[in-house]
**Q** 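Below is one structure. I have some questions about it.
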Amino acid sequence: MDAVLDDLARHWPLYAAMPFIAALIGYVTKRVAIEMMFRPLDFLGIPPLLGWQGVVPKHGGRMAAVATELLTANLLDLREVFGRIDPVIITSELEQPLLRAVDHIAREVLAEHHPRLWEVMPTLAQEMLIKQVQASAPRLVREFLDDVRENLDEVLDVQHMTVQRLTRDKALLVRLIRETSRPEMSFIARMGIYFGFGLGLVQTIVWAFTREPWVLPAFGGVIGLCTDWLAIKLIFVPREPVRLGRVIFQGKFQRRRAEVARQYGELIATEVLTVQNLLDAVLRGPRADRLAALVEQMVSSAVDAQLPLSFAVGGTRLREMKHAAARKALEQLPDTARYAEGYLTEAMDVAKMIEQRMLALTPLEFEGLLRPAFRQDEWKLIAVGGVIGFVVGELQVLLMLG
C-alpha cells in the first residue's frame with residue numbers, strides 16, 4: 001500500500017488525468033461511430049475490403065425498402081390523401097392556366113394535323129371552337145380527379161416511387177435518418193463521456209495496484225466496446241416507461257415520439273411525397289401508361305363533343321388529332337399543376353397524416369423507424385470503438401511508463 005501511495009504522490013497528475021482520458025475515449029469512439037454511420041456517401045478506399053462506406057448509404061436500398069414498408073403499411077392512406085382534394089377548388093386554382101393550356105393545345109393540334117381546315121376557318125369560328133373546348137375543361141378536371149381516385153393503385157406505385165427516390169438520393173436518406181435522430185446521436189456521445197469517466201475511475205485504481213501494461217489498453221478497449229453498445233441500447237430500451245421510485249426510465253427515442261413524429265412527417269411531406277414527386281411518379285412511373293390511357297379517353301370524349309369538328313375531319317385524321325392532343329395534355333400537365341401546388345400541398349396535408357399515425361404506432365413499430373439504421377453493421381461500429389479505445393490505452397501506457 002505504501003508503494004501505491006508513493007506512486008500516486010509522485011505521478012498524481014497522470015492518475016488524475018486517467019478518468020478524463022477515459023471520458024475522452026468514450027466521447028471520441030462515439031463520435032467516430034456516429035460519423036461512420038453516415039459518411040462517406042460513396043465507398044472510399046480500395047474495394048471490396050479495404051475502405052469504408054457509411055452504413056446508411058451502403059445499405060440504402062434495404063433501408064429505403066424498410067422505411068417505405070412502414071410508410072405505406074402504417075402511416076399513409078393515399079386514397080384518403082387524394083380524397084381531400086376538392087374538385088371545385090382545384091378547378092378554380094387551375095382555371096386561367098388551364099384555359100391557356102387548352103387554347104395552346106387546340107390551336108397547335110389543329111394547325112399541325114389539319115392546317116387547311118384551320119386556315120380557311122374564319123377567325124370568329126376559330127375562337128368559337130376554342131371556347132367550346134375550353135368550356136369543357138372544368139368538367140374534364142373533375143372527371144380526371146374521379147378517375148385517378150378510382151384507379152389510384154393502377155396509376156401510382158408509391159412504393160416504387162419512394163424506394164427509388166431514397167435509393168437514388170443517398171444524401172436524402174441520410175438526412176431523413178440523421179435529422180430525426182439528432183438528439184439520440186448527441187445522447188450517444190454524452191453517454192460515452194459519462195460511462196468512460198466511470199470506467200476510467202476503475203481503471204485508475206486497477207493500474208495503481210497492478211502497474212500492469214495490459215491494464216490501460218484493455219480498459220480502453222472495454223470502454224470503447226461497452227459504451228458504444230450500452231449507449232445504443234439506451235436509445236431504444238426500455239420501450240415502455242419503467243418507474244423506479246420517483247425516476248421513470250424509457251428509451252430516449254421512445255420518449256421523443258411526438259417530436260419525432262412531427263419531424264418525420266414534415267421531412268416526408270417536403271422531401272419525398274411532394275406534389276411534384278407524386279406527379280412525376282404518375283407521369284413517368286411504371287404505371288404511367290394507365291394514366292396516359294385515361295387522359296386519351298377523356299380527350300377523345302371532349303373532341304367528339306365538338307360535332308362540327310368531328311364531321312369536318314376524317315376518321316383517321318381525327319384519331320391522330322385525339323392522340324396528339326392527349327400527348328400534349330400530358331406534356332402540359334406538370335406546368336399546369338404547378339399553379340395549384342400550394343393548394344394541393346395544404347389540402348393533402350401528408351405531414352399531419354403521418355404525424356398522427358406515427359403517434360398511434362406500438363413502441364415496437366415506432367422503434368422500427370430508426371432501429372434498422374443501427375442494426376446494419378452495428379458490430380463493426382462497436383468494434384471500431386474498441387480498437388480506438390485500445391490504441392489510446394497503449395498511448396497511455398507509454399506516457400505512464402515514460
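Along the sequence shown, the residues carry numbers beginning at 1.
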**Q** Any carboxylate oxygen within less than 4.0 angstrom of a Lys/Arg side-chain nitrogen, looking at E259 and R182?
**A** no

**Q** Could you grab the distance from atom OG of S181 to atom NZ of K252, nearest 0.5 Å is fine?
**A** 11.5 Å

**Q** Can a salt bridge be assigned to the pair R287 and E154 using a cut-off of 4.0 Å between side-chain N and carboxylate O?
**A** no

**Q** Do the non-hydrogen side-chain atoms of M185 and M37 ever get within less than 4.5 Å of each other?
**A** yes

**Q** Quick check: closest heavy atoms across V174 and P57, and the distance to 0.1 Å?
**A** CG2-CD, 3.9 Å

**Q** Indicate whether any N or O donor in one side chain lies under 3.5 Å from an N or O acceptor in the other, for Q159 and T72.
**A** yes

**Q** Does CZ in F197 sit with more than 12 non-hydrogen atoms of other residues, nucleotides or ligands closer than 6.0 Å?
**A** yes

**Q** Rounded to the nearest 0.5 Å, what separation is found between the OG1 atom of T162 and the CD atom of E69?
**A** 11.5 Å

**Q** Heavy-atom distance under 4.5 Å between the side chains of M348 and L278, does that happen here?
**A** yes

**Q** So, does R239 use its side chain to make a donor-acceptor pair with the main chain of F366 at under 3.5 Å?
**A** no

**Q** Does any part of the side chain of M36, heavy atoms only, come nearer than 4.5 Å to the side chain of V55, both counted from C-beta?
**A** no

**Q** Of all heavy-atom pairs between V163 and A65, which one has the smallest distance, and what is that distance?
**A** CG2-CA, 4.1 Å

**Q** In terms of side-chain geometry, is the basic nitrogen of K170 or D42 positioned less than 4.0 Å from the acidic oxygen of its partner?
**A** yes

**Q** Quick check: closest heavy atoms across R79 and D153, and the distance to 0.1 Å?
**A** NH2-OD2, 3.6 Å

**Q** Report the distance from atom OG1 of T336 to atom CD of Q96, rounding to the nearest 0.5 Å.
**A** 12.5 Å

**Q** Rounded to the nearest 0.5 Å, what separation is found between the CG atom of L71 and the CD1 atom of I354?
**A** 5.0 Å

**Q** Can you confirm whether R178 sits close enough to I34 that some side-chain heavy atom of one is under 4.5 Å from a side-chain heavy atom of the other?
**A** yes

**Q** Can any side-chain N or O of Y343 pair as donor or acceptor with the backbone N or O of D86 at less than 3.5 Å?
**A** yes

**Q** Do M353 and R84 have side chains that approach each other closer than 4.5 Å (heavy atoms only, starting at C-beta)?
**A** yes

**Q** Please check if the side chain of N151 supplies one atom and the backbone of D147 the other of a donor-acceptor pair under 3.5 Å.
**A** yes

**Q** Once you round to the nearest 0.5 Å, how far does CG of L364 lie from CD of E240?
**A** 10.5 Å

**Q** Considering only heavy atoms from C-beta outward, does the side chain of V350 approach that of T274 to under 4.5 Å?
**A** no

**Q** Give a yes or no answer on whether the side chain of R149 reaches the backbone of F82 with a donor-acceptor pair at less than 3.5 Å.
**A** yes

**Q** Can you name the closest pair of heavy atoms from R142 and P87 and give their distance?
**A** CG-CB, 3.8 Å

**Q** May I ask you to decide if V237's main-chain N or O and Q250's side chain share a donor-acceptor pair within less than 3.5 Å?
**A** no

**Q** V28 versus V32: any side-chain heavy-atom pair under 4.5 Å?
**A** yes

**Q** Closest approach of L94 and A340, non-hydrogen atoms and distance?
**A** CD2-CB, 3.7 Å

**Q** Between atom CG of L75 and atom CG of L361, what is the distance when rounded to the nearest 0.5 Å?
**A** 5.5 Å

**Q** Any salt bridge linking R175 with E179? Criterion: basic side-chain nitrogen under 4.0 Å from a carboxylate oxygen.
**A** no

**Q** If every non-hydrogen atom of A281 is compared with every non-hydrogen atom of L156, which pair is closest and at what distance?
**A** CB-CD1, 3.7 Å

**Q** Does any non-hydrogen side-chain atom of W52 lie less than 4.5 Å from one of F43?
**A** no

**Q** Please indicate whether E80 has more than 12 foreign heavy atoms, meaning atoms of other residues, nucleotides or ligands, lying under 6.0 Å from its CD.
**A** yes

**Q** Would you find a donor on one side and an acceptor on the other, under 3.5 Å apart, between the side chain of R31 and the backbone of A189?
**A** no

**Q** Spell out, as yes or no, whether a donor-acceptor pair under 3.5 Å connects the side chain of T180 to the backbone of I177.
**A** yes

**Q** In terms of side-chain geometry, is the basic nitrogen of E95 or R100 positioned less than 4.0 Å from the acidic oxygen of its partner?
**A** no

**Q** Within the distance-only criterion (no hydrogens, no angle test), does the side chain of T270 pair as donor or acceptor with the backbone N or O of E266 below 3.5 angstrom?
**A** yes

